Amino acid sequence: MFQNLAVFESAQAMAMHAGQRQAVIAQNVANADTPGYVARDLPSFIDVYAPVDASAFSQRATRLSHMNGSPSNNAEVMTEQDRTFASPDGNTVSLETEMLRATEAKRQHDRSLAIYKSALNILRSSLGRQ
């Protein structure tokens, strides 16, 4: 009955994605002074973990941002091509932008932990344990 709970899989996938994104952001910050370095980022969690075929899942999306699929852990790093600025040495890293992205990644990780804790509390309550 409790073997395959998708909420725990989704929370784990979200936390892993946030960790991977934080690693890419840290790499961008580390190369902020490297000539010719192009800043990179991961696609959003929704884009990476969205189901390919929605009819393959029994759940029904109730709103556009509702996730209903199983995660696949093959998030690819993509380079940014739409940067309108670059330093004279060709570097496209903006520390301000990277700080904002790091904050987004932390919020995503915190959100995944909150989802996990909430689902665990619901499961404990259903079993009569507080």
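A quick note: this is a predicted structure, and the numbers were derived from the prediction, not measured. For the numbers below, each heavy atom of this structure counts, side chains included, while hydrogens, waters and symmetry mates do not.
Listed for the Thr97 side chain is no donor-acceptor partner under 3.5 Å among the backbone atoms of Val93. Without hydrogens or angle criteria, Asn31 side chain to Asn91 main chain gives no donor-acceptor distance under 3.5 Å. Remark: the backbone N or O of Pro43 is paired with a side-chain donor or acceptor of His17 at under 3.5 angstrom. Proximity of a side-chain donor or acceptor of Ser126 to a complementary backbone N or O of Leu123 within less than 3.5 Å is detected.
With hydrophobic clusters built from ILVMFWY side chains whose heavy atoms lie under 4.5 angstrom apart, Leu113 does not share a cluster with Phe45.
Taking each heavy atom of Ala15 and Ser112 in turn, the nearest pair found is CB-OG, 3.4 Å. Nearest approach of Ala105 to Ala18, heavy atoms of both residues: O-CB, 3.5 Å. Listed here is the closest heavy atom pair of Val7 and Ala119: CG1-CB, 3.7 Å. Shown here for Glu98 and Asn28, the closest heavy-atom pair between the two residues is OE1-ND2, 3.2 Å.
If you take CD1 on Ile115 and CE on Met14, they are separated by 4.5 Å, rounding to the nearest 0.5 Å. Note that the CD1 atom of Ile25 and the CG atom of Leu100 stand 10.0 Å from one another [nearest 0.5 Å]. The CZ atom of Arg101 sits 6.5 Å away from the CZ atom of Arg21 when rounded to the nearest 0.5 Å.
Between Arg107 and Glu104 there is no salt bridge, since no side-chain nitrogen of the basic residue lies less than 4.0 Å from a carboxylate oxygen of the acidic one.
Listed by chain and residue number, nothing satisfies the side-chain hydrogen bond (donor to acceptor under 3.5 Å, both in side chains) test with Gln22 (two or more places apart in sequence, or in another chain). With sequence neighbours left out, Asn121 forms a side-chain hydrogen bond (donor to acceptor under 3.5 Å, both in side chains) with no residue at all. In terms of the side chain to side chain contact (heavy atoms under 4.5 Å, CB included) criterion, residue partners of Leu120 (sequence neighbours excluded) are, by chain and number, Phe8, Tyr116, Arg124.
Contact of the Met99 side chain with the Thr103 side chain is not registered, since no non-hydrogen atoms from C-beta on lie closer than 4.5 Å. Two residues are said to be in side-chain contact when any heavy atoms from C-beta on lie closer than 4.5 Å; Gln12 and Glu9 fail this criterion.
With hydrogens and angles left out, the side-chain atoms of Asp89 and Tyr37 include no donor and acceptor closer than 3.5 Å.
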